[in-house]
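Just below is one structure, and these are the notes that go with it.
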Amino acid sequence: MKREGAAARSSSAAVVALRSAAAVASGLLLFASFPPRQLWFLAPIGIALLVLVLTGVGGRTPSKKTGFGYGYLAGLGFFVPLLPWIGVYVGPLPWLALAAAESVFIGLFGVLAIVLSPSRWWPLSIALAWSLTEWARSTFPFGGFPWGRLAFGQPDGWLLPLASLGGAPLLSFGVALTGCGIAALVHAGLRDRTPRRWLVAVAVTLAASVVALALLPTLASNTARPGEETVTVAAIQGSVPRLGLDFNAQRRAVLDNHVRETLRLADDVAAGRQPAPDVVIWPENASDIDPLRNPDAAALITEASETIGAPILVGAVLVNDDRTTTNSAIVWDGAAGPGERHDKKIIQPFGEYLPFRSFFRLFSEYADRAGYFVPGSGDGVVHADSIAVGVATCYEVAFDRALTESVRARAQLLAIPTNNATFGDTEMTYQQLAMSRVRAVEHGRSAVVAATSGISAIVSPQGDIVEQSELFEPDALVDRVALRDDRTVATDLGGIPEILLCVGAAVFLVSKVARREKTFPENVSSARKQP
């Protein structure tokens, strides 16, 4: 009897170990699907593997407690390799702390998947649960952290057109639903009973629906149109003398670099090697010397604008009367000087400002290096001559509301000025460029990404990279882009698709709790729960 008990415990431990390894592997597959790799197809496979672990394929379903554990392990497998740029200059503690905190949401997904797995429509309900947890971690705490949403790993994926129909939330849901469909087919393949045909039909129907939705927007939205208005834009990448958190100590050198690269472009224009731009985009932090208070900085920017013969959207740090700072993008038009500006509205906690500063001082000497930035207001649109430019500065591009508000306010072109110099030679800049590509498709607008140290790019409304710079090399990207006034379905709907997805998840959860429904899979619902 003792031997039988020991054998059972040993077998149970082996199952837990195997499922734990599979959960971590699912997170690693999600990570591998993100740029700079073009392995977007690994994302639904990663979701499928995690769902198979959580629905107890080949054995009993886990309990809610162990479901959280498996989800948490998957989260660590995903976020730990995705976010090392957080700690590149401040040590591993902030990086690992953020990865651990974000993994809690994947753990909650594990619990929800366990609750929903007995439902007949579990491939759909579990995919909706993923959308619910993505919404939660994009909202809480401190305004949320949307980095790593499934949508942002899909700029080269076959489901990308979903972004123009329902934005990043619908694209993420499409990936999750595809993964759940794969898991359903695996379940069906391992079963010999009647539900197999039914389950295959459900999985195929769901997959076909996703494909149909993905193809639908391509029929009417982001393709080039004959006779549409175009302008020539330039993105300036001046680069920085050195990387690191002492970026502010290099303020004059960084400004000089962007002025110099703009003047070099002006020489190319005069020589006929480049077309004359109608508007020039400088990166975030191109002038960390406040040009509204410092005449020398203002004179340099004016010289650059007059020489190139076009207004410049200047990324600048402005010092307020109360000694707080504002991260701004200012339209600077030659001798006329500063015009309209966008003050960054969604500022980065633990970077641009530090919540509970006195508390976090106890854990890191870098706490006081966080900024004292304050958020701005407005609709995110500035006008350079007659061009309406929607601006999302760096971190803002990760949030759905930023550019949705701009395009609804009639932005014809998107600009994403960013400063990646404080994150070193990491994958962060590729991940952020992928977000910009998704946003271009979401709103049917060309996007200009201007980065201090790279990667800068010009992106078409189809999400294709038209021009791209190299890391740490000064460059000027010039291209002719479309100005558009119409709106995609995603822009019109705004946050409605995400609300509907979350409501759908809530309906399934409430129904499950109310009815205590445990109809599928039979080998799960009739079995004793296993830790």
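Heads up: numbering here begins at 1 and tracks the sequence.
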Mind checking whether [X] and [Y] have side chains closer than 4.5 Å, heavy atoms only?
X      : Y      : answer
Arg137 : Phe109 : no
Pro338 : Leu292 : yes
Val478 : Thr232 : yes
Ser446 : Ile458 : no
Leu30  : Leu150 : yes
Glu102 : Leu82  : no
Leu318 : Pro291 : yes
Thr426 : Pro84  : no

Any idea which heavy atoms bring [X] and [Y] closest together, and the distance?
X      : Y      : answer
Ala450 : Ile236 : CB-O, 4.2 Å
Trp40  : Asp156 : NE1-O, 3.3 Å
Val279 : Ala384 : CG2-CB, 3.7 Å
Arg293 : Asn320 : NH2-C, 3.7 Å
Pro277 : Ile308 : CG-CG1, 3.8 Å
Ser131 : Cys502 : O-SG, 4.3 Å

Could you tell me whether a side-chain N or O of [X] sits under 3.5 Å from a main-chain N or O of [Y], the two making a donor and an acceptor?
X      : Y      : answer
Arg487 : Val407 : no
Arg341 : Ile330 : no
Gln237 : Glu470 : yes
Ser164 : Val441 : no
Ser33  : Leu42  : no
Gln412 : Ala388 : yes
Asp343 : Thr326 : no
Gln432 : Met428 : no
Arg445 : Ala411 : yes
Glu284 : Asn419 : yes

Less than 3.5 Å apart, any donor N or O on the side chain of [X] or [Y] sitting next to an acceptor on the other?
X      : Y      : answer
Gln431 : Trp85  : yes
Thr491 : Thr488 : yes
Thr404 : Asp400 : no
Arg149 : Ser172 : no
Thr429 : Asn420 : yes

* Mind running side chain to side chain contact (heavy atoms under 4.5 Å, CB included) on Cys394 and Lys344 for me, showing each step along the way? => CA-CA 9 Å; Cys394 195; Lys344 189 174 182 179; 4.0 Å; yes

* To do: Would you verify whether the NZ or CZ of Arg37 falls within 45 degrees of the ring axis of Tyr430 while also being under 6.0 Å from that six-membered ring's centre?
  => no

* To do: Report the C-alpha distance between Lys345 and Glu396 in whole Å, list the side-chain angles of each, state the deciding distance to 0.1 Å, and finish with yes or no for salt bridge (Lys or Arg N to Asp or Glu O under 4.0 Å).
  => CA-CA 8 Å; Lys345 296 190 295 182; Glu396 289 183 309; over 6 Å; no

* Show your working on ring-ring contact (aromatic ring centres under 6.0 Å, His included) between Phe79 and Trp95 and close with a plain yes or no. => CA-CA 9 Å; Phe79 288 113; Trp95 157 40; over 10 Å; no

* Asked: Step by step, would you call Leu501 with Trp135 a side chain to side chain contact (heavy atoms under 4.5 Å, CB included)?
  -> CA-CA 9 Å; Leu501 292 170; Trp135 166 80; over 6 Å; no

Measuring from atom [atom1] of [X] to atom [atom2] of [Y], what distance do you get when rounded to the nearest 0.5 angstrom?
X      : Y      : atom1 : atom2 : result
Leu493 : Leu165 : CG    : CG    : 7.0 Å
Gln274 : Leu265 : CD    : CG    : 6.0 Å
Glu442 : Leu160 : CD    : CG    : 10.5 Å
Leu413 : Ser406 : CG    : OG    : 11.0 Å
Leu255 : Arg260 : CG    : CZ    : 10.0 Å
Phe472 : Ile455 : CZ    : CD1   : 9.0 Å

* Asked: In terms of ring plane angle, is the pair His258 and Trp282 parallel, tilted or perpendicular, where the classes change at 30° and 60°?
  -> tilted

* Asked: Would you call the rings of Tyr395 and Phe399 parallel, tilted or perpendicular, where under 30° means parallel and over 60° means perpendicular?
  -> perpendicular

* Does Glu306 CD have over 12 foreign heavy atoms under 6.0 Å away? -> yes

* Should we say atom CZ of Arg410 is surrounded by more than 12 heavy atoms from elsewhere, each under 6.0 Å from it? -> no

* Decide salt bridge (Lys or Arg N to Asp or Glu O under 4.0 Å) for Arg408 and Glu405; before the verdict, give the C-alpha distance in whole Å, the side-chain angles of both, and the deciding distance to 0.1 Å. => CA-CA 5 Å; Arg408 284 180 166 182; Glu405 184 177 3; over 6 Å; no

* To do: In sequence, state the C-alpha distance, the side-chain angles, and the governing distance for Asp268 and Arg264, and then conclude on salt bridge (Lys or Arg N to Asp or Glu O under 4.0 Å).
  => CA-CA 6 Å; Asp268 289 341; Arg264 185 177 293 120; over 6 Å; no

* Answer with yes or no after comparing the ring centroid distance for Phe78 and Phe34 against a 6.0 Å cut-off, counting only values under it. => yes

* To do: Start with the C-alpha gap between Asp333 and Asp385, add the side-chain angles, then the distance that decides, and say whether side chain to side chain contact (heavy atoms under 4.5 Å, CB included) holds.
  => CA-CA 8 Å; Asp333 195 357; Asp385 287 340; 3.5 Å; yes

* Do Val317 and Phe373 pass the side chain to side chain contact (heavy atoms under 4.5 Å, CB included) test, and can you show the C-alpha distance, the side-chain angles, and the key distance before you say yes or no? -> CA-CA 9 Å; Val317 173; Phe373 285 85; 4.1 Å; yes

